[in-house]
Amino acid sequence: MIITDLLKQIPLFESMADVERQQLSTLLQRRQLRKGGILFRKGDKGSAFFIIIKGLVKISVSSKLGDEVTLALLRNGDFFGEMALLDEQPRSADAVALEDSLLYVLDRNDFFPFLFKNENAVRSILRALSLRLRRADDLFTEISFLTVPARLAKRLVELAEPLESQRSEPKEYKIRMSQRELASMLGVTRESINKELKILKDKGLVETSRNSILIRDIDRLKRRTR
């Protein structure tokens, strides 16, 4: 994909003029990350923003006891680290590649001179950050009020959305993720996820294997998200 087209799909930059995105594209650097590679750890100095060209990156946090919660699984076209462009504070989470990945990197030292010259860029960033805050509010509401079965169904549907949009006739969707990783995303135990997946399997909604979950009936699964 052309770099400027990719930038146009990112809320942070979508309101910019074409000439501004063209200028911004010249500041991006490519970085490769092997499966299992660590992009950064919580507490590392933050000074760059990332766009995933290809691959899968997990954003997570861990407690002092070693428990891990997955905050997001990011794929092609997703972006992260935008706060580091603005405040240069330490990273608030870990970023690890779950697949061989290729990313664009935008460094803060290159971005700020560009930003000072482009008022549209400032407005785009404020709008994108507002959306992130709303999503955080939605996550808090989900944790507070939805049951584990509803949260599981909701997350499975969300994980299937990128696959669903690629099909003209939706059928089955294979999500490459272990039960432990899914439990980490929801902040519950693997045993709880195993129990709920067994219920969904008995109802014919999903099939499970060691490192993947096959959604067989996404319409019925959507009805369980309420």
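Sequential numbering from 1 along the given sequence is applied to the chain's residues.
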Q.
Test of understanding: clusters of I, L, V, M, F, W, Y form through side-chain heavy atoms closer than 4.5 Å, transitively. Do Val96 and Ile53 belong to the same one?
A. no

Q. Any salt bridge (charged side-chain N to carboxylate O under 4.0 Å, His left out) pairs touching residues 18-33, not counting sequence neighbours?
A. Asp18-Arg21

(Q) Taking salt bridge (charged side-chain N to carboxylate O under 4.0 Å, His left out) as the cut-off, I'd like each qualifying pair that reaches into residues 102-116, sequence neighbours left out, listed once. (A) Glu88-Arg108

Q: Can you see which heavy atom on Asp217 is nearest to which on Gly204, and at what distance?
A: CB-O, 4.4 Å

**Q.** Set of residues satisfying side chain to side chain donor-acceptor pair (under 3.5 Å) with respect to Lys198, sequence neighbours excluded
**A.** Asp202

Q. Which pairs, with at least one residue in residues 33-43 and sequence neighbours excluded, count as a salt bridge (charged side-chain N to carboxylate O under 4.0 Å, His left out)?
A. Arg34-Asp100, Arg41-Asp94

(Q) For Glu207, give me all partners under side chain to side chain contact (heavy atoms under 4.5 Å, CB included), at least two apart in sequence or on another chain. (A) Lys201, Leu214, Arg216

**Q.** Those residues that, when tested against Asp78, pass salt bridge (Lys or Arg N to Asp or Glu O under 4.0 Å) (two or more places apart)
**A.** none

Q | All side chain to side chain contact (heavy atoms under 4.5 Å, CB included) counterparts of Ala95, not counting sequence neighbours | A | Leu39, Phe40, Val57, Ile59, Phe80

Q.
Taking the side chain as everything from C-beta on, heavy atoms only, tell me whether Ile215 gets closer than 4.5 Å to Leu159.
A. no

Q. For Arg180, which residues count as a salt bridge (Lys or Arg N to Asp or Glu O under 4.0 Å) partner, sequence neighbours excluded?
A. none

Q. Which heavy atom in Asn211 sits nearest to a heavy atom in Ser178, and how many Å separate them?
A. OD1-CB, 3.6 Å

Q. What heavy-atom pair brings Ser60 and Ala93 nearest, and what distance separates the two atoms?
A. O-CB, 3.3 Å

Q. Heavy-atom distance under 4.5 Å between the side chains of Arg151 and Val188, does that happen here?
A. yes

Q. Are the side chain of Ser101 and the backbone of Leu56 linked by a donor-acceptor contact shorter than 3.5 Å?
A. yes

Q) With a 4.5 Å limit on heavy-atom distance, are the side chains of Arg220 and Lys203 in contact? A) yes

Q: May I ask you to decide if Leu200's main-chain N or O and Arg224's side chain share a donor-acceptor pair within less than 3.5 Å?
A: no

(Q) Please enumerate all residues that pass side chain to side chain donor-acceptor pair (under 3.5 Å) together with Asn76, with sequence neighbours excluded. (A) none

(Q) Using side-chain heavy atoms (C-beta onward) and a distance below 4.5 Å, is Phe79 in contact with Leu74? (A) no

(Q) Tell me the closest heavy-atom pair linking Lys174 and Ser212, and the distance in Å. (A) CE-OG, 3.4 Å

(Q) Any heavy-atom pair between the side chains of Leu73 and Glu181 that's under 4.5 Å? (A) no

Q: Nearest 0.5 Å please: distance from the NZ atom of Lys222 over to the CG atom of Leu205.
A: 12.5 Å

Q | Residues in side chain to side chain donor-acceptor pair (under 3.5 Å) contact with Thr70, at least two apart in sequence or another chain | A | Ser184

Q) Is the shortest heavy-atom distance from the side chain of Leu7 to the side chain of Ile51 under 4.5 Å? A) yes

Q: Before accepting this row, confirm whether a basic side-chain N of the pair Lys154/Glu158 lies closer than 4.0 Å to the acidic partner's carboxylate O.
A: yes

Q.
Can you list everything that forms a ring-ring contact (aromatic ring centres under 6.0 Å, His included) with Phe114? Sequence neighbours excluded, please.
A. none

Q) Applying the side chain to side chain contact (heavy atoms under 4.5 Å, CB included) test to Thr208, which of Leu197, Asn194, Ile193 qualifies? A) Leu197

Q | Residues which pass side chain to side chain donor-acceptor pair (under 3.5 Å) with Thr26, listed by chain and number, not counting sequence neighbours | A | none

